[in-house]
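Reading through the structure tokens given below for one structure.
Given the structure is predicted, the values throughout are model-derived calculations rather than measurements. Each chain gets a letter, A, B and so on, in the order the sequences are listed, and its residues count up from 1.
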There are 2 protein chains.
Amino acid sequence: MNGRPPAEQTLELSAFVPFRLNRLATGVSQYLAAIYQARFGLDIPQWRVMATVGEVACTAQYIAASTRMHKTRVSRAIVELEARDLIERASNERDRRERQVRLTKAGRRLYTELVPLALERERALLACLAPQQLHGFLEGLDVLERFLGLDAQP
Amino acid sequence: MNGRPPAEQTLELSAFVPFRLNRLATGVSQYLAAIYQARFGLDIPQWRVMATVGEVACTAQYIAASTRMHKTRVSRAIVELEARDLIERASNERDRRERQVRLTKAGRRLYTELVPLALERERALLACLAPQQLHGFLEGLDVLERFLGLDAQP
DNA sequence: CCCTGAAGGTTGCGCGCGCAACTATTTGTG
DNA sequence: CACAAATAGTTGCGCGCGCAACCTTCAGGG
């Protein structure tokens with residue numbers, strides 16, 4: 001034993017992976033915002049609902065599980081999109097609690113215009129990675145998602 | 001040319017990297033929350049301020065730039081931490097607009113207790129990746145951060 | 001020197017979010 | 001069949017966030 005105080009561990013935030021992931025996610029969101037926000041007047045919840053419903057008509061419940069958004073956030077996004085006539089809801093006579101959400105004609109038009117832009121924007125972002133780097137990054141992403149149970153399908 | 005309608009591109013959200021990053025960042029935050037939130041009563045802004053000030057005494061401006069948080073978010077976190085006697089502020093006589101923020105004795109104790117737990121939690125998370133996978137993932141993270149200009153130092 | 005503009009920080013305000021509570025409907029069970 | 005529990009979805013509420021405006025102090029020209 002000696003008189004020195006115990007060496008104190010320090011945490012450099014800019015090297016702390018959880019912080020870096022938060023910062024990256026925010027940065028990427030801003031990188032994309034110009035497309036769905038400025039150009040189409042959608043916020044993130046609305047855009048996620050559009051993207052989900054564009055694949056297949058489904059219930060609000062399914063959207064919430066699939067996007068991992070809180071059901072109230074989904075509910076409000078749906079109300080707003082319906083007011084803009086981008087989506088519509090059909091009652092299910094078999095279970096009158098739920099309603100099928102699907103794109104309207106105008107919603108389909110917006111979706112068809114928006115999706116290629118979003119995919120192109122994603123491509124432009126990932127183009128900063130060499131093919132080998134991209135592969136490694138996505139592999140890590142896969143494993144982390146599985147570890148945290150984020151990949152579980154609804 | 002033929003009579004078929006143009007094949008419509010669809011966007012599966014669960015394969016869209018920007019969405020996956022947001023979801024992962026949220027998941028990791030929750031994974032860490034138990035430590036700084038439940039156990040030490042800190043929210044994310046407070047925890048980031050503590051982590052920054054624990055490395056070196058600095059101004060609110062520096063904290064904001066370093067953590068990429070809005071200055072009002074930093075300001076409010078500082079007020080709360082000061083009320084809990086975890087940090088203190090010393091006026092700078094050379095420039096009386098700014099104040100140096102540093103840990104109090106109690107703040108230093110909390111920091112010394114918290115940091116090893118946070119680092120251990122990070123280690124536990126990243127342990128789901130094989131060494132080669134971890135390396136690849138971090139390399140991709142580096143490149144993306146540089147591409148988006150998130151690495152710029154204040 | 002003043003006076004204009006900039007910089008460090010704080011505060012008023014509106015908005016979006018999640019929690020909890022609620023309605024309406026369906027399912028399960030004795 | 002009735003009643004309890006579960007499920008789909010909506011809404012009231014409080015809180016945290018960012019924007020813009022503000023206060024204070026400093027720097028730099030005329």
Side-chain angles (χ1 to χ4, degrees), chain A residues 19 22-23 25-27 29-30 33-34 36-38 41-49 52-53 56-84 87-102 154, chain B residues 19 22-23 25-27 29-30 33-34 36-38 41-50 52-53 57-84 87-102 154:
Chain A
F19 169 73
N22 248 296
R23 190 179 59 176
T26 303
S29 284
Q30 289 172 356
Y36 54 74
Q37 203 174 87
L42 300 177
D43 59 22
I44 288 186
Q46 290 169 350
W47 146 245
R48 287 184 182 173
V49 168
T52 305
V53 174
V56 56
C58 58
T59 66
Q61 187 66 22
Y62 176 87
I63 298 171
S66 160
T67 61
R68 297 193 106 81
M69 289 195 291
H70 197 274
K71 61 178 180 173
T72 61
R73 212 167 153 194
V74 173
S75 173
R76 282 157 180 151
I78 287 177
V79 168
E80 292 152 11
L81 291 172
E82 198 175 29
R84 283 182 60 186
I87 63 173
E88 60 191 0
R89 284 185 283 187
S91 294
N92 175 5
E93 287 308 318
R94 297 298 178 100
D95 185 340
R96 287 180 6 208
R97 288 173 303 181
E98 69 178 34
R99 294 201 270 173
Q100 287 294 115
V101 183
R102 58 170 180 247
Chain B
F19 168 74
N22 249 297
R23 191 179 58 175
T26 303
S29 284
Q30 289 172 355
Y36 55 74
Q37 204 174 88
L42 300 176
D43 59 24
I44 289 187
Q46 292 169 350
W47 147 245
R48 288 183 181 172
V49 168
M50 291 291 291
T52 306
V53 174
C58 57
T59 65
Q61 187 68 18
Y62 176 87
I63 298 170
S66 160
T67 61
R68 296 192 106 81
M69 288 195 291
H70 196 274
K71 60 178 180 172
T72 62
R73 212 167 153 195
V74 173
S75 173
R76 282 158 180 150
I78 287 177
V79 168
E80 292 153 9
L81 291 172
E82 198 175 27
R84 283 182 60 186
I87 63 173
E88 60 192 0
R89 283 184 283 187
S91 295
N92 175 5
E93 288 308 318
R94 297 298 178 101
D95 185 341
R96 289 184 0 212
R97 288 174 301 183
E98 68 178 34
R99 295 201 270 173
Q100 288 294 113
V101 182
R102 59 170 180 248

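- The OH atom of B:Y62 sits 13 Å away from the P atom of C:dG9 (whole-angstrom rounding).
- The salt bridge (charged side-chain N to carboxylate O under 4.0 Å, His left out) contacts involving residues 73-84 of chain A comprise A:E82-A:R89, where partners must be two or more places apart or lie in separate chains.
- Side chain of B:S75 to backbone of B:K71: no donor-acceptor contact under 3.5 angstrom is found.
- Evaluation of the side-chain hydrogen bond (donor to acceptor under 3.5 Å, both in side chains) rule for A:S91 yields no partner, not counting sequence neighbours.
- With values rounded to the nearest 0.5 angstrom, B:Q61 atom CD is found 6.0 Å from B:T59 atom OG1.
- Bracketed by its first and final contacts, the part of DNA chain D lying under 4.0 Å from non-hydrogen atoms of chain A reaches from D:dA6 to D:dC13 in 5' to 3' order.
- The CG atom of A:N22 lies 11.0 Å from the CE atom of B:M69; values are rounded to the nearest 0.5 Å.
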Practice task
Could you go through the side chain to side chain contact (heavy atoms under 4.5 Å, CB included) check for B:N92 and B:R99 one step at a time?
Solution key: CA-CA 6 Å; B:N92 175 5; B:R99 295 201 270 173; over 6 Å; no
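- Atom CZ of A:F19 sits about 6.5 Å away from atom OG of B:S66, to the nearest 0.5 Å.
- For A:D43, there are no salt bridge (charged side-chain N to carboxylate O under 4.0 Å, His left out) partners two or more places apart in sequence or in a different chain.
- Within the 4.5 Å cutoff, side-chain heavy atoms of A:T52 are placed close to those of A:Y62.
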Problem - Nucleotide-level pairing of DNA chain C, given in dot-bracket where Watson-Crick and G-U pairs need both distances under 3.5 Å and | marks other strands - result: ||||||||||||||||||||||||||||||
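- For the contact set between residues 69-79 of chain B and DNA chain C, defined by any heavy atom under 4.0 Å, the members are B:K71, B:T72, B:S75, B:R76.
- With hydrogens and angles left out, the side chain of B:R97 and the base of C:dA7 share a donor-acceptor pair within 3.5 Å.
- To the nearest 0.5 angstrom, B:R23 atom CZ is 9.5 Å from A:R48 atom CZ.
- Distance B:D95 CG to C:dA7 P: 12 Å, rounded to the nearest Å.
- Take the nearest nucleotide of DNA chain C for A:D43 and for A:R96: the residue whose nucleotide is more 5' is A:D43.
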